[in-house]
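These notes are about the structure you will find just below.
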Amino acid sequence: MARHNIFGHKGEELAFETLLKQGYTIRERNWRFGKNEIDIIAEKDNRIIIVEVKTRSNEIDDISKVITPKKVSHLIEGARAYLSYCKLDKELQFDIILLTGTEDNLQIEHIPDAIMPPLKTY
């Protein structure tokens, strides 16, 4: 596995552990729909939480550079597919977990409701 993949995997593991500690139920990890993937699908307070995890060695000063409109579109499409597949009628929430630093010292920032899709998209 390439070094950047190992770094990203470590970030996803820390994001997973963080969500568990915050009382989230993890429903899926790396859920695939077509060519796209949702990093973590969680549940809390009767909401389905779609979590995008980004791990970087440098500070992220502009979130729009790592979460592009195309990525948002894929997340919304995947969330719709997941709700349909599981026959769920629950409110959706789109969160981002940013991890920055080195493999031995990652800073974690959880941003709830970070992505606000248009109301009629799901």
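Worth saying up front: this structure is predicted, and the values here are computed from it rather than measured. For the single chain, residues carry numbers from 1 onward in sequence order. Because only heavy atoms are used, hydrogens play no part in the values below, and waters and symmetry mates are left out as well, while side chains stay in.
Of the candidates L14, I97, T100, L99, T55 forms a side chain to side chain contact (heavy atoms under 4.5 Å, CB included) with just one, namely L99.
In plain terms, the two heavy atoms of W31 and G78 that are nearest each other are CZ3-O, 3.5 Å. The shortest non-hydrogen separation linking V51 to I38 is O-CG2, 4.3 Å. Contact between Y24 and A42 at its shortest, heavy atoms only, is CD2-CB, 4.0 Å. A pairwise comparison of heavy atoms in I49 and K44 identifies CG1-N, 4.3 Å as the closest pair.
Scored by the side chain to side chain contact (heavy atoms under 4.5 Å, CB included) test, N46 finds E43, K90 as partners (sequence neighbours excluded). Applying the side-chain hydrogen bond (donor to acceptor under 3.5 Å, both in side chains) criterion to D95, with sequence neighbours excluded, gives Q93, H110. Not counting sequence neighbours, the partners of Y82 by the side-chain hydrogen bond (donor to acceptor under 3.5 Å, both in side chains) test are R27. Legend: residues meeting ring-ring contact (aromatic ring centres under 6.0 Å, His included) with F16, ordered by chain and number and at least two apart, are absent. For R32, the side-chain hydrogen bond (donor to acceptor under 3.5 Å, both in side chains) partners two or more places apart in sequence, or in a different chain, are E37.
Atom CD1 of I108 is separated from atom OG1 of T18 by 3.5 Å, given to the nearest 0.5 angstrom. Here the straight-line distance linking atom CG of N36 with atom OG of S73 works out to 8.5 Å at 0.5 Å rounding. To the nearest 0.5 Å, atom CZ of residue F33 and atom CZ of residue R80 are 10.5 Å apart. Between K71 atom NZ and I96 atom CD1 the span is 10.5 Å, to the nearest 0.5 Å. Atom CG of L92 sits about 4.5 Å away from atom CG of L83, to the nearest 0.5 Å.
A side-chain N or O of Q107 and one of N105 form a donor-acceptor pair less than 3.5 Å apart.
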**Study point:** Stepwise side chain to side chain contact (heavy atoms under 4.5 Å, CB included) check, F94 with L75
**Key:** CA-CA 8 Å; F94 295 84; L75 289 172; 4.3 Å; yes
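In this structure, D39 contributes its side chain and V53 its backbone to a donor-acceptor pair below 3.5 Å. Listed for the K54 side chain is no donor-acceptor partner under 3.5 Å among the backbone atoms of G11.
A salt bridge links R29 with E13; the closest basic N to acidic carboxylate O contact falls under 4.0 Å.
Residue pairs that meet the salt bridge (Lys or Arg N to Asp or Glu O under 4.0 Å) test with at least one member in residues 15-26, sequence neighbours left out, do not exist here.
Taking 4.5 Å as the limit, every side-chain heavy atom of E12 sits out of range of all side-chain heavy atoms of I40.
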